[in-house]
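One-based numbering, in listed order, for ligands and for the atoms of each. Everything numeric in this text was worked out from a predicted model, so none of it was measured. Positions are given from 1, in the same order as the sequence printed here.
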Amino acid sequence: MARLILIAGSANPRLAEAVARYLGIQLAAVDIGRFPDGEFHITIQQSIRGDDVFVLQSVSPPVDLHLIELLFVADACRRAGAGRITAVLPYLGYARQDRRVSGREPISARLVADAIQLVGYQQIVTVDLHAPAVEGFFTVATEILSAVPLLAGAIQPLLPPDAVIIAPDLGAAKLADRYARRLGLPVAIVHKERLSGEMVTASRVTGDVRGRLPVIVDDMITTGATIEAAARTVLAAGAHPAIIIAVTHPLLVGSAAARLDGLPVRHLFVTDSVPLPPGLHSPVEVVSLAPLLAAAIKRLHGQRSLADLRGYR
Ligand code: R5P
């Protein structure tokens with residue numbers, strides 16, 4: 001049987017180390033360096049001929065560098081005779097660009113999917129993919145795992161009976177429903193409109209939030225604009241003046257930390273799909289994806305089903 005090999009990209013080495021520990025293996029010896037002009041130079045320092053290679057890399061900021069690195073590592077693996085190469089992408093950047101909004105734009109998510117497959121990745125594993133449509137951009141076996149069971153399990157002991165799950169926009173309604181079913185809570189939906197990459201506006205909320213503790217859930221926080229608008233909308237509608245936030249991917253760029261600091265955040269639950277940036281004062285609790293990713297890798301290596309890891313229920 002081919003050996004299981006785990007290669008860490010530079011986006012999230014701590015998560016890769018934790019996954020390796022769960023798998024009871026060492027990370028493969030790989031040197032990801034740079035030439036003086038900034039070009040990547042990647043060397044795999046051990047034989048991987050015929051092996052079952054998993055490359056763990058979040059396509060997180062700086063997104064383009066991490067993407068290029070992901071592509072180059074695959075090429076190195078292919079040329080080194082790897083038996084099978086799987087991309088394990090705890091966070092897949094560009095997934096939000098899954099359609100043209102104003103014309104004369106690329107469908108970047110499609111391009112990224114094409115590139116990932118073109119370089120030789122034969123399987124994809126990712127977590128809470130932003131839009132289900134993106135799965136269709138891949139033609140190889142694609143496993144979409146979910147952090148919802150892990151995050152919901154972490155929130156559950158802290159919830160009063162009168163909590164309400166808040167979808168901060170219509171796109172998050174299905175995700176909110178998955179939390180709500182697990183936690184036995186109702187859902188309310190905020191109606192959001194995006195004005196720019198950093199600005200959104202929210203005008204109203206559908207559902208009963210008065211006197212209830214709001215639990216705002218989303219796939220990611222980028223600038224924090226969406227969470228801030230949702231929080232302010234439900235607080236203005238009479239929700240209990242403390243909020244719990246649960247998001248899978250805490251990108252937290254730009255003014256996100258300051259935005260969160262201005263809200264009555266009781267708990268912020270995130271995963272380690274991307275490393276947390278410094279300067280965050282909110283009471284943050286990180287739920288690791290390591291056991292989930294390790295379980296997925298183990299099963300794929302053993303050609304076993306991942307059905308119960310997908311968290312659709
Ligand atoms: C949008 O549809 C996503 O699910 C998130 O709500 C959004 O990308 C978060 O971005 P930001 O924090 O910048 O509002």
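- With a 4.0 Å heavy-atom cut-off, ligand 1 is reached by no atom of His249.
- Proximity of Val88 to Ile297: side-chain heavy atoms (C-beta onward) are separated by under 4.5 Å at one or more points.
- Applying the 6.0 Å contact sphere to CZ of Arg14 captures no more than 12 heavy atoms from other residues, nucleotides or ligands.
- Counting heavy atoms from C-beta on, the side chains of Ile144 and Arg310 never come closer than 4.5 Å.
- Applying the 4.0 Å criterion to heavy atoms of Gly224 picks out, from ligand 1, the atoms 11 (P), 12 (O), 13 (O).
- Residue-ligand proximity, Asp169 to ligand 1, at heavy-atom distances under 4.0 Å covers atoms 1 (C), 2 (O), 6 (O).
- Within 6.0 Å of CD on Gln26 lie no more than 12 heavy atoms contributed by other residues, nucleotides or ligands.
- At a heavy-atom cutoff of 4.0 Å, ligand 1 is contacted by no atom of Arg259, backbone or side chain.
- Proximity of Asp218 to ligand 1, defined as any heavy-atom pair under 4.0 Å, is confined to the side chain (atoms from C-beta onward).
- Residue Glu198 does not touch ligand 1, judged by heavy-atom distances below 4.0 Å.
- We find that Arg3 and Asp51 are joined by a salt bridge, their nearest charged nitrogen and carboxylate oxygen being less than 4.0 Å apart.
- The pair Arg78-Asp75 counts as a salt bridge, with a side-chain nitrogen and a carboxylate oxygen less than 4.0 angstrom apart.
- Scanning the protein heavy atoms around atom 14 (O) of ligand 1, the nearest turns out to be Thr226 OG1, 2.5 Å.
- Across the listed options Asp219, Thr223, Leu260, Leu251, Thr223 owns the non-hydrogen atom lying nearest to atom 13 (O) of ligand 1.
- Not a single heavy atom of Gly171 sits closer than 4.0 Å to an atom of ligand 1.
- Neither the backbone nor the side chain of Ile227 comes within contact range of ligand 1; no heavy atom lies under 4.0 Å.
- The heavy atom nearest to atom 2 (O) of ligand 1, considering only Glu228, His130, Arg96, is found in His130.
- Residue Val200 has no nitrogen or oxygen atom sitting less than 3.5 Å from a nitrogen or oxygen atom of ligand 1, judged on distance alone.
- Contact check on Arg96 versus Asp219 returns no salt bridge, with no Lys/Arg side-chain nitrogen under 4.0 Å from an Asp/Glu carboxylate oxygen.
- Salt bridge status for Glu105 with Arg100: absent, with no side-chain N to carboxylate O gap under 4.0 Å.
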